[in-house]
**Student:** 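My questions all concern the structure below.
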Protein chains: 2
Amino acid sequence: MSEQLSRGGANGNRKPSATIYDIARELELSPSTVSRALNKPGRIAAKTERRIRDAAAKLGYRGNPMARSLPTGRTRMLGLVVSDVTNPVFFRLVRGAEKACSELGYTLVLAESQESGELEYGTLDRLLPAVDGVVLAAARLEDDQIHQIAASTDVVLINRRVGELSAIVPDIDDGVAQAIDHLATLGHTSIAYLAGPAISWMSRERGERVFEHAVARGMIFVEIGPTSPDLVGGQSALRRVHASGMSAVLAYNDLMAIGLLRACRAEGIDVPGDLSIMGFDDIFGADLTTPALTTVRSPLDRAGDAAVRSLVATLDGIEPAAADPLPTEIVVRESTAAPH
Amino acid sequence: MSEQLSRGGANGNRKPSATIYDIARELELSPSTVSRALNKPGRIAAKTERRIRDAAAKLGYRGNPMARSLPTGRTRMLGLVVSDVTNPVFFRLVRGAEKACSELGYTLVLAESQESGELEYGTLDRLLPAVDGVVLAAARLEDDQIHQIAASTDVVLINRRVGELSAIVPDIDDGVAQAIDHLATLGHTSIAYLAGPAISWMSRERGERVFEHAVARGMIFVEIGPTSPDLVGGQSALRRVHASGMSAVLAYNDLMAIGLLRACRAEGIDVPGDLSIMGFDDIFGADLTTPALTTVRSPLDRAGDAAVRSLVATLDGIEPAAADPLPTEIVVRESTAAPH
DNA sequence: CGCCTCATGGCAATCGGTTGCGATATGGAA
DNA sequence: TTCCATATCGCAACCGATTGCCATGAGGCG
């Protein structure tokens, strides 16, 4: 009548899953043999391996991930740190990373790093020791915080360069060139760049590229901001944008562009008649607005995929293959037109 | 000149983090004392505990999660399974779950269960043994698959009821009542419900509620579908909707409603003039469309939060507090008006 | 026929904690 | 002063794997 000790919480009537010891006993073998048969194909006689695999299947054996990672130090888990889970920019990114992880036999752990202070004693503190590496897509983190993270685990950055850390950065230049070309062709001679947060590497990068291409085209260029990279950021920038007298605006991201769009509508400013607006990323919802947003599409899903693969390669001690460029391109919709 | 063995991947020049053994040696104590001092406050003499905590801080001790979970069987990780990471319905849900986990000292692992076949030998297979419990927000899973999962770990469902499994389901009735009232007040006498996938419990539930309230109001009611719960699903349903002659449509979710909206626009059907359209959930983007979508808002963030808290309570052996109702309410925007 | 090699499988240490139980002070009561 | 209860800490087993090294036996070769 001895009651089975149920470890941890409710649902006590759950049979603890089989271990390699169960298999070993069943077959009168040593646990080490079972371990090898299951992980190092060929190390054990083919016949024995067969028997072991069959027994494992029969007993419903699932290796205990914790037990495995204790001696090896590898958890086969990867972290993905984003600054804001509800930001639609990350959706395709998460999807790409998730798929790659799944294909490579890894598990993806998603974390949010809203305030930078959270780095200490927060989610990241719990995350870092549990993963083999992290993909950082958190624009809000300071450079030295990133170095700090990189000191304790392998890191791959997305949309950002910090020191020599490996990074996946889509080739902005293509897209920006196309965007400026698009606007110039429409007849615009002046353009404003609506910057995101000052800390954002990507915001600065995009601003820089827009600047370069604009002046190369002989266009007037101004930069407005910095602002928060969301709807309200875009919304609140309208007065400054309007005051600048530019006929076209390129916002740091789609969220800001959409915010600006809405503010224009509220103020009775015609888009694209009075003002052409473009964004970056082509997030979900960019084609839902009226007018639908013209934007520079970023291959975020591919970036997520590439980041994970690069990370896993480094973990395996392989020099990560030089990632192919990840080109960007513009998606022309309705928010851009000839100025009048 | 003995080279330090770097376990696992690159970045070999990383100092392995301190263990309780390091602390014990430093203080000439036993590891077990260190362990207790750190986890069972009061179990050890206050003075000793102080010394241990100080030493731990000094050495930068971070407990090894794998090592801890091996004897205890608990990983302090929770899984969140959704059917589609890129579906904006889940964003607020993820956010809510993430925050709750963080507050409770748990780590959230996000997983996608697109095809049901993936249940075997897929992401879930790797996830399940690694977490203490899962929150299931995956409408695509079959009932018996859910039971199968529940057999091996603790489970909390969101937006769905299966057997006696604990579930967080917002109170649809409020919202639907308000919706029907809204439409009736506008003068509508007929209404169509655009159903999602047949397998979706929530789709059936919403349809049922709409049906009840519509007939209670003496309205004509038809159900159209089932369809895929996304933009194309809504888009492709336009002809059937139109053919039905109803003056108002309530779609299973906002994605479908928006798809329908777009199709209407493409076909020159005036919304809300010719047709009033409503959705469910109030996802990101629902207020971006033209006309902006009137919808029944679901408190998804609170649902995520509640699910996690309920799950953790069960894990702690506490009877989860009866969750407060999670009411729904309509958000009136521009896609509904009096029929003509 | 003898020796060497290689394939095969077992032993035992190890990863970093947790925890039941026992040993040793320590202080208070009698 | 003696005895006992209690507070404090250590011993050692255990969680479920991995892995270096060794023992055994079989087969190949001269």
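We use all heavy atoms of the structure for the numbers below, so side chains are in, but hydrogens, waters and symmetry mates are not. Labels below follow one simple rule: chain letters A, B, ... track the order of the sequence lines, proteins then strands, and each chain is numbered from 1.
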**Student:** Looking only at heavy atoms, which two atoms of Ala150(A) and Val155(A) are closest? And how far apart?
**Tutor:**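 Smallest interatomic distance, heavy atoms only, reads CA-CG2, 3.7 Å.
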**Student:** Taking only side-chain N and O atoms of Lys40(B), does any of them lie within less than 4.0 angstrom of OP1 or OP2 on dT19(C)?
**Tutor:**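 So the side chain of Lys40(B) is within the cut-off, an N or O lying under 4.0 Å from OP1 or OP2 of dT19(C).
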**Student:** So, is Ser32(B) near the phosphate of dT18(C), with a side-chain N or O under 4.0 Å from OP1 or OP2?
**Tutor:**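 Negative; the distance criterion is not met.
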**Student:** Find out whether Asp132(A) and Thr153(A) are in side-chain contact, i.e. whether some heavy atom of one side chain is under 4.5 Å from a heavy atom of the other.
**Tutor:**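 Result no, sub-4.5 Å side-chain heavy-atom pair not found.
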**Student:** To the nearest angstrom, how far is Arg74(B) atom CZ from dC15(D) atom P?
**Tutor:**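 Value for this atom pair: 19 Å.
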**Student:** Rounded to whole Å, please give me the gap between CD in Glu28(A) and P in dG9(C).
**Tutor:**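 After rounding, the reported distance stands at 14 Å.
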**Student:** Taking only N and O in the side chain of Thr72(B), is any of them less than 4.0 Å away from OP1 or OP2 of dC15(D)?
**Tutor:**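 It does not, given that no N or O in the side chain of Thr72(B) lies less than 4.0 Å from OP1 or OP2 of dC15(D).
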**Student:** Using whole Å, report how far CG of Leu29(A) lies from P of dA17(D).
**Tutor:**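 It works out to 15 Å between those atoms.
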**Student:** Picking from dG10(C), dG9(C), dC15(C), which would you name as closest to the side chain of Ser30(A)?
**Tutor:**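 Of the candidates, dG10(C) comes closest.
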**Student:** Is there side-chain contact between Leu157(A) and Ile146(A), with heavy atoms separated by less than 4.5 Å?
**Tutor:**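 Yes. Closest side-chain heavy atoms under 4.5 Å.
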**Student:** How long is the line joining CZ of Arg43(B) and C1' of dG20(C), in whole Å?
**Tutor:**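 Result: 10 Å.
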**Student:** Side-chain donor-acceptor pair under 3.5 Å between Ser102(B) and Thr123(A), yes or no?
**Tutor:**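 Short answer, yes.
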**Student:** Is there a side-chain polar atom (N or O) of Arg68(A) under 4.0 Å from OP1 or OP2 of dG16(D)?
**Tutor:**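 No, no such contact exists.
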**Student:** Could you check Thr33(B) against Pro31(A) and say which one's nearest nucleotide on DNA chain C is further toward the 5' end?
**Tutor:**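 With Thr33(B) and Pro31(A) compared, the 5'-side residue is Pro31(A).
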**Student:** Rounded to whole Å, please give me the gap between CG in Leu70(B) and P in dT14(C).
**Tutor:**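 Spelled out: CG on Leu70(B) to P on dT14(C) is 17 Å.
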**Student:** Looking only at the side chain of Ile20(B) (C-beta and beyond, no hydrogens), which of the listed nucleotides dA12(D), dG17(C), dG10(C) gets closest?
**Tutor:**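 Side chain of Ile20(B) sits closest to dG17(C).
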**Student:** Considering only side-chain heavy atoms of Ala45(B), which listed nucleotide, dG10(D), dG16(D), dT8(D), is closest?
**Tutor:**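 Within the option list, the nearest is dT8(D).
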**Student:** In this structure, how many angstroms lie between the C1' atom of dC9(D) and the CD atom of Glu49(B), rounded?
**Tutor:**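 So the CD-C1' distance, Glu49(B) to dC9(D), works out to 13 Å.
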**Student:** Write down the distance between NZ (Lys47(B)) and C1' (dT26(C)), rounded to a whole number of angstrom.
**Tutor:**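 Atom-to-atom, Lys47(B) to dT26(C), this comes out as 13 Å.
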**Student:** dG20(C) base to Arg36(B) side chain: any donor-acceptor pair below 3.5 Å?
**Tutor:**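 Yes, a donor-acceptor pair under 3.5 Å.
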**Student:** Establish, with yes or no, whether the OP1 or OP2 oxygen of dC15(C) is under 4.0 angstrom from a side-chain nitrogen or oxygen of Asn64(B).
**Tutor:**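 For dC15(C), neither OP1 nor OP2 has a side-chain N or O of Asn64(B) closer than 4.0 Å.
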**Student:** Does any non-hydrogen side-chain atom of Leu108(B) lie less than 4.5 Å from one of Val109(A)?
**Tutor:**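 A side-chain contact under 4.5 Å is absent here.
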**Student:** May I ask you to verify if any side-chain N or O of Tyr21(B) is less than 4.0 angstrom from the OP1 or OP2 atom of dT14(C)?
**Tutor:**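 Tyr21(B) to dT14(C) OP1/OP2: no side-chain N or O under 4.0 Å.
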**Student:** Expressed as a whole number of angstroms, how long is the span from Leu38(B):CG to dC9(D):P?
**Tutor:**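 Nearest whole value for this atom pair: 14 Å.
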